[in-house]
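Below is one structure, written out as structure tokens, with a few remarks after it.
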Amino acid sequence: GRGGRGGRGRGRGGMNRRSRDFGPNGHDYNLCPQAGPISSHLSEKAIHSKVAERLSAKMNRDFETADRVQLELAEEGVFVNDRTKEWRADGVRFIDPSEGRRTPSDRNRPYVQSRYSQSLSENAKFTLTRIEELVAERTQCKKDRKFTKADSIREALEKACDVVIDDRIREWSIGGSFGRDADLKRAHNEALKNRSYAKSSASLELPDGVTQNDVQARVDARTRARTNRQYKESDALRDEILEEFGVVIDDTIKMWSVGGDFGWDDPAKARAQGRGKYTRRGGGNLTENDVGLIQEMLKNRFELKSNRDFEKADQIRSHLYEKYKINVDDKSQEWRVLSDDYVQTKAEKGAQELTGMDVSFITSQLAKRIILKKDRSYGEADAIRDDLQGSYSILIDDKKREWKVVSSAGKRKFATGTARSEPTPYKPKRIEDEADYDPWFDDNGVDDDESSAVDTSADNTTPIADADPEEEIISSSISRDDLMSLTVPLLKDKLRVAGKPVSGKKADLVDRLLS
């Protein structure tokens with residue numbers, strides 16, 4: 001391929017991609033509709049600046065900077081959702097539908113030293129053996145409900161050796177790092193811990209004569225009682241608040257709501273809605289009955305994977321491809337027909353209206369552009385794209401085979417192609433013989449290397465800018481049978497050249513190359 005294994009970085013685009021003007025905010029993330037008032041110490045202008053800085057770093061593949069900025073935002077109670085392209089600064093983090101609860105066997109798993117832990121300093125008060133003993137002693141204290149002693153052990157370890165314990169993943173680390181994902185989640189939890197309870201945007205109206213400050217004062221009083229472990233008083237206050245105001249308190253997300261509805265901030269609701277629900281992207285000639293059958297098969301496949309019946313799940317995936325030419329993206333929970341048809345999606349608010357003649361012309365030009373790209377006439381293909389953008393203010397997503405009309409308010413000039421910001425492909429240092437270790441395996445109950453329902457491997461995602469010609473060449477000139485005849489190492493080499501993730505089974509690798 002062009003540029004060898006690093007072709008995506010040095011070929012067409014790469015680190016020298018043309019800068020993208022996302023308008024006055026410098027990014028294309030929107031404020032989450034469910035977000036409450038900004039509670040962060042950062043101003044809205046500073047938030048936009050940070051979000052733009054992170055997006056720019058990701059587009060330039062500077063993932064270290066992108067991760068640092070994301071942690072800084074999280075520590076200030078600002079969270080971004082790359083999947084929905086949203087941000088919120090009310091201290092409430094976005095719910096990941098893929099997050100699962102640990103099984104009882106996982107709760108009994110011994111604590112181990114994190115592979116991201118630093119080395120013990122020469123002047124440390126405790127040896128590694130002693131640290132392990134104290135961690136085990138703390139675990140037993142928690143089982144025996146001796147929480148005061150358990151807390152004192154934790155504080156002693158942190159003070160003497162800078163040892164931090166993460167109970168969620170059951171690891172301890174000198175220096176406090178547990179890897180990018182775990183560190184970000186810890187920052188989320190710390191931001192949640194440091195903020196007060198907030199009113200849910202899904203809350204009903206307060207009773208007549210009652211102000212939000214009245215309820216907040218009572219909720220804060222209960223919070224102080226819980227913090228001081230005065231649980232009887234805390235429970236009594238909770239019951240009084242419910243009876244007097246009809247307010248339900250959710251301690252998990254630190255929110256309160258009249259009537260008890262927390263909208264999509266409710267983890268159970270968000271996960272129930274999100275898990276196993278796949279969204280269709282792009283075009284393709286399917287009937288409504290076809291779409292219904294495909295959605296049902298995808299739901300069944302998800303359940304099979306959750307139950308680790310990967311063989312049957314792979315059979316469904318193969319059937320979807322063979323009958324409908326369907327490509328399934330488990331990470332984004334999306335699917336599309338592998339066709340060259342582009343579909344128009346909902347226009348941005350304030351965008352110009354197109355006539356039927358305009359839409360027909362755009363459709364024909366997109367079809368012509370696909371042919372030019374397959375013929376490697378990239379200059380002519382780019383000229384069509386630029387002309388469509390300039391004449392109709394449309395944004396083209398080559399990956400999803402979609403286009404939409406965007407607003408020109410504020411003289412916004414949108415990039416050619418789509419700059420979709422996905423979760424950072426953080427590649428941490430690894431220790432020998434642990435290259436395949438995944439700290440999220442036990443939480444989710446699914447192994448990435450065996451067609452997991454949600455792939456959280458470090459190599460899983462690559463930021464998407466303009467569609468890379470290498471991908472077009474792979475999908476248009478090589479058949480599925482040709483790819484299936486290749487060995488797994490050869491398939492992975494092709495994926496690396498195309499800048500795509502290399503995890504998963506052989507069928508996954510082939511589908512990824514064809515997408």
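Only this structure's heavy atoms are used, side chains among them; waters, hydrogens and symmetry mates stay out. Position 1 is the first residue of the sequence; numbering continues from there.
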Between [X] and [Y], is there a side-chain N and carboxylate O pair less than 4.0 Å apart?
X	Y	answer
Lys399	Asp397	no
Glu244	Arg218	yes
Lys149	Glu137	yes
Arg68	Asp62	no
Lys232	Asp235	no
Glu133	Arg130	yes
Asp167	Lys142	yes
Glu334	Arg280	no
Arg54	Asp82	yes
Asp151	Arg154	yes
Lys305	Asp330	yes
Arg226	Asp251	yes

Checklist entry - Would a 4.5 Å heavy-atom cut-off, applied to side chains only, mark Val51 and Val80 as touching? => result yes
Item to check | 4.5 Å side-chain heavy-atom contact, Arg317 and Ile326 | outcome: no
Checklist entry - When Ile165 is tested against each of Arg170, Arg138, Glu158, Glu171 for side chain to side chain contact (heavy atoms under 4.5 Å, CB included), which residue passes? => result Arg138
